[in-house]
Trainee: 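Okay, handing you the structure first.
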Amino acid sequence: MNYQMNYLPGATILMEGETGDCAFIIDKGVVEVSVQREDEKIVLAILKDGDIFGEMALVSGDVRSASVHALTPTTVSVICRPYFQEKLAQTDPIIAMLMRLLLARFHEARSKLLSMPKTCLINIDGKNQEGNPVTEKEAQREVLVRFKFINDLQSALAKHQFLLHYQPIYVLANGKLAGFEALIRWQHSEKGMITPNHFINIAEDTKEIIPIGYWVFETACRNLKLMRDTLGIDQHSAEPWMSVNVSPTQIKDTALLERFGQILDMTGIDPHVIKIELTESVLVENPQLALTFIREVKQLGMKVAVDDFGTGYSSLSYLHLFPIDILKIDRTFVANMFSDFRCREIINAIVALSKSLNIEIVAEGVETKELEAVLHELNCRYAQGFLYSRPVAIDKAMALLENRLSEY
């Protein structure tokens, strides 16, 4: 388990000669690293935001080779040995072996360095004896920034920092609001609002996408139920629906659909108004897993949409194998309809194919009236994009829905 600690100026964080099993990353502040030699304190380094110290405790039970004191109010993230060993055990065995070997050699070299006379001691702040910067320092900082970001991401759910915005989807023929796509946002305590393209890949890599995905699904179901109940929409009405994105990592989670079923029961939302969105890459890369997942989703009563369609052309040849309800044409093709005739032809082909397979079409990235007119001419049924609305918070989404309902 990782956590944060705060220190006042002058406080001792580590003491030379003591044992410990944690390393520290400086989130904010300045610390001094020093050793005691011949009754004299020798300052080895001044470390600042993003620097790490005490890292050998993660792999060795040896005593601390230096003391660390806070020079300013300092906040550090604490990495404990059990967490490090757990992550090391999960990685490739060769990488784990190399990591242990490199740390051991670093520890040996540093021990020899610290045993030298004080006139031979060098600064470890990222410069060599000539004062030239060490490029590895920059690489280390990048790794530490990423680690802190991952650490923040792992605690964001518990800190209630995630929220959902909703982008409306409209019927091209009459402008009726047909549904919403739920889109996650991260309200970071320091960085402000972070959009999913900056953290979803990391959530995938760390498997944090699993608990985050459950939260997204439950929140989207609850909010759709709230909108429909508040506005008095018949529970049997097919609109408005809610689209929820599910990632490739999530569909490998064997407990996913059972949990989704429990959430549907708990929230009281009718499954037929929930659409699960998969990216086209899932169909292309693992068609058998995708087919099994889609069938199970439909057994729960939900519908299935394929997002970013058109980017993986090979899937066109076996689209008929998947019981898809909606295809969402990738925004790249929509945006380039006027500048590249091939994009328009691709959209035309997708619409014609979908019509023969009884699949509805949503065009993404519609930003102008001209695009809207051409898409309507091509018999595309639904559209979403900045022409209509950016993703909005729940209260604004409900206001959009209420305004549309009052027009009919």
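In what follows, every heavy atom counts, from backbone to side chain, and hydrogens, waters and symmetry copies are set aside.
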Trainee: Taking salt bridge (charged side-chain N to carboxylate O under 4.0 Å, His left out) as the definition, give me every residue that meets it alongside Lys275, ordered by chain and number, with sequence neighbours left out.
Mentor: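 Salt bridge (charged side-chain N to carboxylate O under 4.0 Å, His left out) list for Lys275, sorted by chain: empty.
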Trainee: How about Arg185 and Pro196: do any of their side-chain heavy atoms sit closer than 4.5 Å?
Mentor: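 They are in contact (side-chain heavy atoms under 4.5 Å apart), so the answer is yes.
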Trainee: Could you pull out all donor-acceptor pairs under 3.5 Å where a side-chain atom in residues 5-16 meets a protein atom, sequence neighbours excluded?
Mentor:
unit_1	atom_1	unit_2	atom_2	d
Asn6	OD1	Thr75	OG1	2.7
Thr12	OG1	His69	NE2	3.2
Glu16	OE1	Gln36	N	3.1
Glu16	OE2	Arg37	NH1	3.1

Trainee: As a quick check of understanding, evaluate side-chain contact (heavy atoms from CB on, under 4.5 Å) for Thr254 and Leu256, giving each step before the final call.
Mentor: CA-CA 6 Å; Thr254 57; Leu256 181 70; over 6 Å; no
Trainee: Within this structure, what is the NE2-CZ distance for the pair His188 and Phe199, rounded to the nearest 0.5 Å?
Mentor: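 Reported to 0.5 Å precision, the distance equals 11.0 Å.
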Trainee: Is any side-chain heavy atom of Val362 closer than 4.5 Å to a side-chain heavy atom of Leu327?
Mentor: no
Trainee: Mind checking whether Ile79 and Ile25 have side chains closer than 4.5 Å, heavy atoms only?
Mentor: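 Result yes, sub-4.5 Å side-chain heavy-atom pair found.
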Trainee: Is any NZ, NE, NH1 or NH2 atom of the basic residue among Glu367 and Arg331 found under 4.0 Å from an Asp or Glu carboxylate oxygen of the other?
Mentor: no
Trainee: State the CG-CD distance between Leu257 and Gln299, to the nearest 0.5 angstrom.
Mentor: 9.0 Å
Trainee: Could you list the residues that satisfy side-chain hydrogen bond (donor to acceptor under 3.5 Å, both in side chains) with Tyr166, not counting sequence neighbours?
Mentor: Asn223
Trainee: Considering the options Thr230, Asp229, Leu224, which one meets the side chain to side chain contact (heavy atoms under 4.5 Å, CB included) requirement together with Met227?
Mentor: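 It is Leu224; the other options fail the test.
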Trainee: More than 12 heavy atoms of other residues, nucleotides or ligands under 6.0 Å from CG of Asn358: yes or no?
Mentor: no
Trainee: For Gln161, enumerate each residue passing the side-chain hydrogen bond (donor to acceptor under 3.5 Å, both in side chains) test, keeping only those at least two apart in sequence or located in another chain.
Mentor: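 Gln161: side-chain hydrogen bond (donor to acceptor under 3.5 Å, both in side chains) contacts with Trp186.
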Trainee: Under the salt bridge (charged side-chain N to carboxylate O under 4.0 Å, His left out) rule, collect the residues that match up with Asp253, sequence neighbours excluded.
Mentor: none
Trainee: Can you see whether Ser281 engages Thr279 through a side-chain donor-acceptor pair at a distance of less than 3.5 angstrom?
Mentor: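 Distance-only check passes for Ser281 and Thr279.
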Trainee: Which residues satisfy the salt bridge (charged side-chain N to carboxylate O under 4.0 Å, His left out) test with Arg222, sequence neighbours excluded?
Mentor: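 So Arg222 forms a salt bridge (charged side-chain N to carboxylate O under 4.0 Å, His left out) with Glu218.
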Trainee: Closer than 3.5 angstrom, by distance alone: can the side chain of Asn403 be matched with the main-chain N or O of Ala399 as a donor-acceptor pair?
Mentor: yes
Trainee: Report yes if some heavy atom in the side chain of Val30 is under 4.5 Å from a heavy atom in the side chain of Lys48; otherwise report no.
Mentor: yes
Trainee: Does the Thr292 side chain pair with the main chain of Ala290, one donor and one acceptor, at a distance under 3.5 Å?
Mentor: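 Looks like no, no N/O pair under 3.5 Å.
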Trainee: Provide the closest heavy-atom pair for Val33 versus Ala66 in the form atom of the first, atom of the second, distance.
Mentor: CG1-CB, 3.8 Å
Trainee: Within a strict 4.5 Å, meaning less than it, do heavy atoms of the Ile394 and Leu164 side chains meet?
Mentor: no
Trainee: By the ring-ring contact (aromatic ring centres under 6.0 Å, His included) test, which pairs, at least two apart or in different chains, include something from residues 201-229?
Mentor: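 Sorted result for residues 201-229: Phe217-Phe260.
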Trainee: Can you tell me how far CG of Leu371 sits from CG of Leu387, rounded to the nearest 0.5 angstrom?
Mentor: 8.5 Å
Trainee: Does the side chain of Ile361 come within less than 4.5 Å of Ile326's, by heavy atoms?
Mentor: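 The answer is no; the side chains never approach within 4.5 Å.
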Trainee: For the residue pair Glu277 and Lys303, establish whether any side-chain heavy-atom pair is separated by less than 4.5 Å.
Mentor: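 Contact flag for Glu277/Lys303 side chains = no.
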Trainee: Can you name the nearest heavy-atom pair linking Ala57 to Gly20, along with the distance?
Mentor: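 For Ala57 and Gly20, the tightest heavy-atom pair comes out as CB-O, 3.3 Å.
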Trainee: Are Asp325 and Lys298 close enough for a salt bridge, meaning some N to O gap below 4.0 Å?
Mentor: yes
Trainee: Shortest non-hydrogen contact from Val273 to Pro240?
Mentor: CB-O, 4.1 Å
Trainee: Please find the pair of heavy atoms, one from Ile26 and one from Gly29, that lie closest to each other, and give the distance.
Mentor: CG2-O, 3.7 Å
Trainee: Which residues pass the side-chain hydrogen bond (donor to acceptor under 3.5 Å, both in side chains) test with Asp27, not counting sequence neighbours?
Mentor: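 So Asp27 forms a side-chain hydrogen bond (donor to acceptor under 3.5 Å, both in side chains) with Gln4, Ser77.
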Trainee: Nearest 0.5 Å please: distance from the CZ atom of Arg64 over to the CZ atom of Phe53.
Mentor: 8.5 Å
Trainee: Please evaluate residues Met266 and Gln262 with respect to the criterion side-chain contact (heavy atoms from CB on, under 4.5 Å), reporting the C-alpha separation (whole Å), side-chain torsions for both, the decisive distance (0.1 Å), and the verdict.
Mentor: CA-CA 6 Å; Met266 178 178 62; Gln262 293 170 350; over 6 Å; no
Trainee: Does anything in residues 224-257 pair up under ring-ring contact (aromatic ring centres under 6.0 Å, His included), and if so which pairs, sequence neighbours excluded?
Mentor: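 Residue pairs with at least one partner in residues 224-257: Trp241-Tyr382.
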Trainee: Do the side chains of Ile150 and Ile202 get nearer than 4.5 Å, heavy atoms only?
Mentor: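 With C-beta onward as the side chain, the pair touches.
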Trainee: Before you tell me yes or no, could you show the steps for Arg344 and Val374 under side-chain contact (heavy atoms from CB on, under 4.5 Å), namely the whole-Å CA-CA distance, both residues' side-chain angles and the distance that decides it to 0.1 Å?
Mentor: CA-CA 9 Å; Arg344 179 166 176 164; Val374 174; 3.8 Å; yes
Trainee: Cys221 and Leu264: side-chain contact (heavy atoms from CB on, under 4.5 Å), yes or no, with the steps?
Mentor: CA-CA 7 Å; Cys221 288; Leu264 290 170; 4.1 Å; yes
Trainee: Checking Lys252 now: which residues fulfil salt bridge (charged side-chain N to carboxylate O under 4.0 Å, His left out) with it, not counting sequence neighbours?
Mentor: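 Per chain and number, Lys252 pairs via salt bridge (charged side-chain N to carboxylate O under 4.0 Å, His left out) with no residue.
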Trainee: Pairs in or reaching into residues 385-395: which pass side chain to side chain donor-acceptor pair (under 3.5 Å), with residues at least two apart or in two chains?
Mentor: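 Qualifying pairs, neighbours excluded: Glu372-Tyr388.
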Trainee: Could you grab the distance from atom CD1 of Ile184 to atom CZ of Phe162, nearest 0.5 Å is fine?
Mentor: 5.0 Å
Trainee: Backbone N or O of Leu289 within a donor-acceptor pair of the Asn286 side chain at under 3.5 Å?
Mentor: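 Present.
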Trainee: If you look at every heavy atom in Gln250 and Ile210, which pair is closest and at what distance?
Mentor: CA-CD1, 3.9 Å
Trainee: Once you round to the nearest 0.5 Å, how far does CD1 of Ile251 lie from CD1 of Ile276?
Mentor: 11.5 Å
Trainee: If you look at every heavy atom in Cys380 and Leu172, which pair is closest and at what distance?
Mentor: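 Looking at all heavy atoms of both residues, the shortest contact is O-CD1, 3.0 Å.
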Trainee: Taking Ser155 for its side chain and Asp152 for its backbone only, find out whether a donor-acceptor pair lies under 3.5 Å.
Mentor: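 Such a contact is found between Ser155 side chain and Asp152 backbone.
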Trainee: Taking only residues two or more places apart in sequence or in another chain, which ones pass side-chain hydrogen bond (donor to acceptor under 3.5 Å, both in side chains) with His165?
Mentor: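 Checked His165 against side-chain hydrogen bond (donor to acceptor under 3.5 Å, both in side chains); zero matches.
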